[in-house]
Amino acid sequence: MKYVDVTQVQKRMNGRILKNNSFKVLFLLATIFGLIVLGVLIAQVLTDGLSWINWDFISGKLSTDANRAGIMGAILGTFWVMVVVAPVTLIIGIGSAIYLELYAKKGRVQSFIQTNIANLAGVPSIVYGILGLTIFVRALDFGNIVLAGGLTLSLLVLPIVIVAAQEAIRSVPQHLSEASYGMGATKWQTIKNIILPAALPGILTGAILALSRAIGETAPLTVIGIPALLIPFPGGIFDKFTALPMQIYYWTLDSSLVEEYANLAAATIVVLLLLLFILNSTAIIIRNKFQQRY
Amino acid sequence: MSVSIAKGNTNVKIDTTVMQPTAVNSDKKVVFDTKDLNLWYGDTHALKDINLPIYEKEVTAIIGPSGCGKSTYLKTLNRMVELVPSVRTSGVITYNGREILSKSFKVEELRTRVGMVFQKPNPFPKSIYDNIAYGPKIHGIRNKKIIDEIVEKSLRGAYIWDEVKDRLKENAYGLSGGQQQRLCIARTLAIEPDVILMDEPTSALDPKSTHKIEDLIQELKQDYSIVIVTHNMQQAARISDRTAFFLNGEVVEYDHTDTIFTNPSDMRTEDYISGRFG
């Protein structure tokens, strides 16, 4: 007597195949749902905003007159914020990742820090805004300038950079660093010449994704008090500023007063999406180009 | 050709026909001397009272079943075991008379004199040239001409120069497994060590590549002292001058390879080499 009986198997076969196919359809529908939402969103934004995008809109100054308004101030604001965020997060983020992965003794303290970094990555962004307001704007008395906004956004994305860099460093095979140590290299020589170059694609991918998160953040900037006033173009990190997502926020808020503001917001969204798309594509290109097999 | 001098006799007898290594070896200089070495990984007692002299310009093979401590012992000789955080040692290992387990012997200096070849070929994801140039560069050689010279000399020393001389700028990952392992040997030669430690260097290779590496080891022993851990007893018999048999973290027997394989004094050695266990 065989346990796997042929007639029984045949009897159950149709049911098994039906189940198999229904799950396939279910997963396909889940994917399509996401795609449809994305498609509607983009279509909506494009119909509202595309006709408003021209060179005057990109290069122009802010204005209360919807037909004369431009977003150069917000673009420059976003640019200067990135000038602060990029080096701060890269240096502190990669530095912490190297320390935690390669120097810190594995133990309770290390795993405590590790858990908290993971938790920090999940803290709502508005909480970082309050932290930035307390420390940078008030305690250090920077005021609501680019530096304060940039440092606040740096805090927000640091955990993401640290975790990504740690994973990249961890994925460098042990036998490469062993080969380096085996030739009498110091730890720093091994990190600089072997581990970091091999981990760099992963680190850069994480960093770029973190930057695009920072570019799109609005909540922390509203908390530290970025004005909706007409301010001159920021020329450096010590100037007052506005940023693309802030501009979208205020224009959407005021669209009940001036109807065209909704179109301006949509046009700004197109510009911001384009920027994010370019950044994310860069991350993917870097990842594919430098990905090495060991 | 060998020269043997009869002791207590003014007559010098020159024997040109029969090679009798044992007669010469007793005068050989000891490179590494291990006295009462014990090693623990956490609570696991991995090496127990090891006493083992390793002689200059010989091939010393370390054999034994998996988990017997042979790789651990090898990695103690260049202190690579220290990469395991929970490791503790007691006892003394001297390298040319200097105690190596003390903190005052800088591990970077030790590893410059005692090179290592690993089980799996592990070239860096760099060009063939940069793989070899890595060692000299980390030790402070900046002159391009000198580095070029070291690269050629090391690749020739590992008998791989002719195969790679036209593709030095290509990635080392394009080489076959056997070529990669010879590249790794060349990379070790580039730091001009006295001793080369080899941790099962042919276990990941096909028979033909294995044969090439074994030939290479025979050549290298003219200039280097070699300690090789191997799973393959035929390999130990073919290439080594002395063999140490490890079992459960202890040295069961250490003698000339001929003696170990033809006339072992310990029953366990005999059982192991005749394939009764392990």
Side-chain angles (χ1 to χ4, degrees), chain A residues 94 97-114 165-205 285-294, chain B residues 71 74-75 77-86 105-126 130-140 154 171-174 180-181 183-193 195-199 204:
Chain A
I94 298 174
I98 290 176
Y99 179 77
L100 288 171
E101 277 305 306
L102 301 166
Y103 287 95
K105 280 216 171 72
K106 303 276 175 275
R108 241 181 276 160
V109 178
Q110 198 254 3
S111 74
F112 178 75
I113 295 175
Q114 194 67 58
Q166 275 187 292
E167 268 163 25
I169 289 170
R170 216 176 300 142
S171 71
V172 177
Q174 188 92 35
H175 61 76
L176 291 183
S177 39
E178 275 179 5
S180 175
Y181 290 131
M183 276 188 286
T186 60
K187 191 159 200 164
W188 169 237
Q189 285 175 322
T190 303
I191 291 172
K192 186 183 71 167
N193 297 308
I194 305 300
I195 298 176
L196 276 187
L200 204 59
I203 293 175
L204 283 183
T205 312
I285 291 169
I286 288 178
R287 188 168 53 206
N288 292 346
K289 188 166 179 192
F290 295 98
Q291 208 161 42
Q292 284 162 330
R293 279 177 296 129
Y294 306 103
Chain B
S71 279
L74 193 76
K75 285 178 187 160
L77 294 178
N78 68 347
R79 284 169 59 184
M80 288 292 275
V81 276
E82 287 175 11
L83 294 179
V84 182
S86 63
F105 203 134
K106 290 281 167 267
V107 40
E108 288 84 6
E109 185 195 341
L110 177 69
R111 290 174 189 161
T112 312
R113 299 183 181 200
V114 183
M116 187 161 209
V117 176
F118 297 82
Q119 182 169 358
K120 195 175 152 235
N122 57 353
F124 299 126
K126 298 173 185 282
D130 287 338
N131 262 281
I132 310 293
Y134 182 72
K137 277 183 183 162
I138 58 170
H139 292 296
S154 311
N171 196 299
Y173 282 48
Q180 286 188 11
Q181 193 62 305
L183 180 74
C184 291
I185 293 175
R187 185 175 64 183
T188 305
L189 299 183
I191 55 170
E192 298 176 341
V195 185
I196 302 175
L197 308 177
M198 297 187 174
D199 189 0

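The shown structure was predicted, so the numbers you read here are calculated from the model rather than taken from an experiment. Quick note on labels: first sequence line is chain A, next is B, and so on, each numbered from 1.
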Peer 1: Which atoms of B/Phe124 are under 4.5 Å from chain A, going by heavy atoms: the side chain, the backbone, both sets, or neither?
Peer 2: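 Both parts, backbone and side chain.
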
Peer 1: Name all residues meeting the side-chain contact (heavy atoms from CB on, under 4.5 Å) criterion together with B/Pro136; count only those two or more places apart in sequence or in a different chain, and write none if there are none.
Peer 2: B/Ile141, B/Ile150, B/Ala190

Peer 1: Decide yes or no on side chain to side chain contact (heavy atoms under 4.5 Å, CB included) for A/Leu196 and A/Ile98, but give the supporting numbers first.
Peer 2: CA-CA 9 Å; A/Leu196 276 187; A/Ile98 290 176; 4.0 Å; yes

Peer 1: Kindly give the heavy-atom pair with the smallest separation between B/Pro123 and B/Cys184, and that separation in Å.
Peer 2: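 What the structure gives for the nearest pair is N-SG, 3.7 Å.
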
Peer 1: Could you check which of B/Lys137, B/Glu108, B/Lys106 has the highest count of heavy-atom pairs closer than 4.5 Å to chain A?
Peer 2: B/Glu108

Peer 1: Select one option (side chain, backbone, both, neither) describing which atoms of B/Lys75 are under 4.5 Å from chain A's heavy atoms.
Peer 2: neither

Peer 1: Non-hydrogen atoms of chain A under 4.5 Å away: do they reach the side chain of B/Arg187, the backbone, both or neither?
Peer 2: both

Peer 1: If you look only at distance, which donor and acceptor atoms sit under 3.5 Å apart when one is on a side chain in residues 181-188 of chain A and the other is two or more places apart or in another chain?
Peer 2:
{"residue": "A/Thr186", "atom": "OG1", "partner": "A/Gln189", "partner atom": "N", "Å": "3.2"}
{"residue": "A/Thr186", "atom": "OG1", "partner": "A/Gln189", "partner atom": "OE1", "Å": "3.4"}
{"residue": "A/Lys187", "atom": "NZ", "partner": "A/Leu102", "partner atom": "O", "Å": "2.6"}

Peer 1: Check each atom of B/Pro193 against the heavy atoms of chain A and say whether the ones under 4.5 Å are side chain, backbone, both or neither.
Peer 2: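 Contact with chain A is absent: no heavy atom of B/Pro193 under 4.5 Å.
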
Peer 1: Ignoring hydrogens, what is the shortest heavy-atom contact between B/Lys126 and A/Ile194? Give both atom names and the distance.
Peer 2: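 That closest heavy-atom pairing would be CE-CD1, 3.8 Å.
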
Peer 1: Start with the C-alpha distance between B/Leu189 and B/Ile132, add both sets of side-chain angles, then the distance that settles side chain to side chain contact (heavy atoms under 4.5 Å, CB included), and finish with yes or no.
Peer 2: CA-CA 9 Å; B/Leu189 299 183; B/Ile132 310 293; over 6 Å; no

Peer 1: Between B/Val114 and chain A, with a heavy-atom cut-off of 4.5 Å, which part of the residue counts as in contact: side chain, backbone, both or neither?
Peer 2: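 Contact with chain A is through the backbone of B/Val114 alone.
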
Peer 1: Is A/Gln174 close to chain B through its backbone or its side chain, or both, or neither, when contacts mean heavy atoms under 4.5 Å?
Peer 2: neither

Peer 1: Taking B/Gln181 for the side chain and B/Phe118 for the main chain, is one N or O donor matched with an acceptor at less than 3.5 Å?
Peer 2: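 At least one qualifying donor-acceptor pair exists.
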
Peer 1: Go through B/Met116, B/Arg79, B/Met80 and name the one with the most non-hydrogen pairs under 4.5 angstrom from chain A.
Peer 2: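 Ranked by contacts with chain A, first place is B/Met80.
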
Peer 1: With a 4.5 angstrom heavy-atom cut-off, could you sort out which part of A/Ser177 is near chain B: side chain, backbone, both or neither?
Peer 2: neither

